[in-house]
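To keep things clear, I will list the structure first and then write my remarks on it.
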Amino acid sequence: MSMYGRDPWGGPLEINAADSATDDDRSRNLQDLDRAALSRPLDETQQSWLLGPTEQKRRRNTSISVVSSLVARSSSGLSVLFSFPASWLVSLLSSSRLCLATTTLSPLRIITLLLSTRHSCSSMPNDVMFFSLLLNLISLYKLRISSDLISSLFDAIYSAGKLPKHNNVSWREYSAKYEAAGELNHVKDIIKWGTDYFLKCFNHTADTINTIAAQVGSGDTSGGNTSPNDHYCWMRPEDIDYPRSVTQCSSCSDLAAEMAAALASASIVFKDNKAYSQKLVHGAKTLFKFARGQRAWLYYATGNNTYLQLATTRGLAKHAGAFSGGPYYGVLSWDNKLTGAQVLLSRLRLFLSPGYPYEEILRTFHNQTSIIMCSYLPIFTSFNRTKGGLIQLNHGAPQPLQYVVNAAFLATLFSDYLEAADTPGWYCGPNFYSTDVLREFAKTQVDYILGKNPRKMSYVVGFGNHYPRHVHHRGASIRKDKIKYNCKGGWKWRDSSKPNPNTLVGAMVAGPDKHDGFHDVRTNYNYTEPTLAGNAGLVAALVALSGDRTTGIDKNTIFSAVPPMFPTPPPPPAPWKP
């Protein structure tokens, strides 16, 4: 028999009457560990940041910026996208018009009605949530390589190269929601396609590397450069005929670190495929040595305390800005993953409570995560909102929606973390807020994106009656004919005032301005450009919000490689001196 008691440093203290439990037994019993206590109230400094952020010039990470620009705006590398015929949506959209006219349900809740032939709009319960939205309508960018149209849900994640046979992602969080929807295997196929791509970007069989492939193609149009490239030309991806070089990088630790994190986290998804999982772990370790960057995922993937010790080194965290405020603190984006890392480390404290010597720094990460969640609430002034209610996480700059969906995802995820740890909420200063507040924030933001806004416009193409028709996307804007348009030949499609001939169903555009205004103009990418980063966040938010509240997160699989925690006894106090 074993009992768990909390030691003074917040970790579980295991007392064994008979040391008969095996490591497997302890691993299976991770859910029995004590949970971390409620978040502490914020101190005055933390409250002052929430109530009035200081203005600072945003620092952008150059290497990530280059890669993300490629992903977001070119037809190369990870962004070879294409649309597909959407005639099968006609009857669905017809139902949409009927439902929107006869019910007061939010757009978030209407989709389930559309997908049922057995129920009328009015007969469905008001608390119905939707995963089917993702499966049947918000189908992400449809990708085409040569003449093959990929018509399943998450296929925007695919980019270049040979596609797998089955194209329809589970982080072992929310895996039950994917499985319930029959999409878990499809999602794993997509993750594997991406991880296989990363493994080809460096020598993944080596223990040490000195270079990685950082970019395919070029988008440089500075100084009036008219050389054919991914930004100057407007062509179908499959028609590209200009040279597209591969950029090798030997000093891009940030990029390598994110690749390492991706491979390490994916190894957990494929833990049932031992050989492939180990290949991903080895690749992640190799990239980590090259990068010395993101550490948390490697600890989860390997259970090696060295990574946890690095991730919880206060000096490194401080250097990364983990404890500072500023206008972009708490904003998860393609450019900054700090907030996601803090949420991930908060999960470690909530579910495993490792105690000394990690408790102090993990409690700090947990408190910082609580501060960030507070900043999303309307009562605080960290971020303004438009009159229509859209949070301005990028402070009025263009293309706001990719930041909004990320925040909606993190808020829902943290809410589920708290509930899974039997914690009903968290503190913002002296005030206690329930987890429902976080979910409500996420729902109102997603509702705005799907049409509950002053313009009554859905910013997801193909959803509802009123959505952008001039999406900044070369594949969608060029008519499907047998003519091969050259670099400049496609400009007439880019500059045309006519709607796109191909509907890019499921693509979320950049979004409205800070006044809730929107200009549906193809050449104005600040309004009409879709990005992989944006749609990834949208899917994450929708999955997190889908299903009923009884379908929570998978609390244990993510820690499957982590050995049982036996906290180190703290050092004795210093001798008392009079």
Side-chain angles (χ1 to χ4, degrees), residues 27-36 38-39 127 129-131 134 154 169-185 187-188 191 261 264-272 296-297 299-301 332 337 339-354 362 365-366 369-370 372-373 376 405-426 434-443 446 536-562 565:
S27 179
R28 283 191 291 268
N29 289 328
L30 286 176
Q31 69 269 22
D32 296 330
L33 296 177
D34 281 352
R35 309 306 183 189
L38 293 178
S39 302
D127 62 351
M129 293 300 291
F130 64 98
F131 183 79
L134 295 174
F154 301 106
V169 152
S170 166
W171 310 107
R172 295 285 185 150
E173 296 174 15
Y174 297 130
S175 59
K177 294 185 178 182
Y178 286 104
E179 193 165 15
E183 289 296 319
L184 185 56
N185 288 334
V187 156
K188 292 173 73 172
I191 294 178
S265 57
S267 73
I268 302 171
V269 176
F270 295 105
K271 71 180 187 67
D272 295 332
W297 276 120
Y299 172 62
Y300 289 165
L332 175 65
K337 308 303 187 301
T339 302
Q342 289 178 320
V343 172
L344 197 62
L345 289 165
S346 297
R347 176 189 181 120
L348 177 64
R349 179 176 187 249
L350 284 166
F351 295 161
L352 292 191
S353 300
L362 290 178
F365 286 134
H366 189 171
T369 299
S370 296
I372 290 167
M373 296 301 149
Y376 295 158
V405 290
N406 286 341
F409 165 61
L410 288 182
T412 309
L413 183 64
F414 189 64
S415 168
D416 284 348
Y417 282 179
L418 294 177
E419 290 189 359
D422 299 322
T423 304
W426 86 113
S434 75
T435 55
D436 290 337
V437 174
L438 286 176
R439 296 186 71 89
E440 184 60 26
F441 158 74
K443 288 161 60 178
V446 173
L538 175 64
V539 169
L542 291 172
V543 172
L545 287 168
S546 68
D548 57 42
R549 298 293 286 275
T550 62
T551 306
I553 59 171
D554 182 332
K555 294 185 289 186
N556 297 321
T557 306
I558 197 172
F559 300 124
S560 59
V562 176
M565 289 284 191

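Just so you know, residue 1 is the first one in the sequence shown, and it goes up from there.
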With side chains defined as the heavy atoms from C-beta onward, is the minimum distance between Phe270 and Ile191 less than 4.5 Å? yes
Gap between atom NE2 of His366 and atom CG of Leu350 - 0.5 Å precision: 4.5 Å
Please confirm whether the backbone N or O of Leu413 pairs with a side-chain atom of Ser415, one donor and one acceptor, at under 3.5 Å? no
When you look at Leu410 and Asn406, which way does the side chain to side chain contact (heavy atoms under 4.5 Å, CB included) test go after all the steps? CA-CA 6 Å; Leu410 288 182; Asn406 286 341; 5.6 Å; no
Do Thr435 and Glu419 pair up side chain to side chain, a donor and an acceptor below 3.5 Å, judged on atom types alone? yes
Rounding to 0.5 Å, atoms CH2 (Trp426) and OH (Tyr417) come to a distance of 16.0 Å
Are Arg347 and Ile558 packed together at the side-chain level, in the sense that at least one heavy-atom pair is separated by less than 4.5 angstrom? yes
Taking the six-membered ring for Trp, are Tyr376 and Phe441 parallel (under 30°), tilted (30 to 60°) or perpendicular (over 60°)? parallel
Checking Leu538, Val539, Leu545 against Leu542 for side chain to side chain contact (heavy atoms under 4.5 Å, CB included), the one that qualifies is Leu538
Evaluate Leu348 against Tyr299 for side chain to side chain contact (heavy atoms under 4.5 Å, CB included), listing each step before the verdict. CA-CA 11 Å; Leu348 177 64; Tyr299 172 62; 4.2 Å; yes
pair Pro424-Leu418: side-chain heavy atoms closer than 4.5 Å: no
Taking the side chain as every heavy atom from C-beta outward, state whether Arg439 and Asp416 have any pair of such atoms under 4.5 Å apart. yes
Side chains of Gln342 and Phe414: does their closest heavy-atom pair fall under 4.5 Å? no
How long is the straight-line distance from CG of Leu438 back to NZ of Lys443, given to the nearest 0.5 Å? 12.5 Å
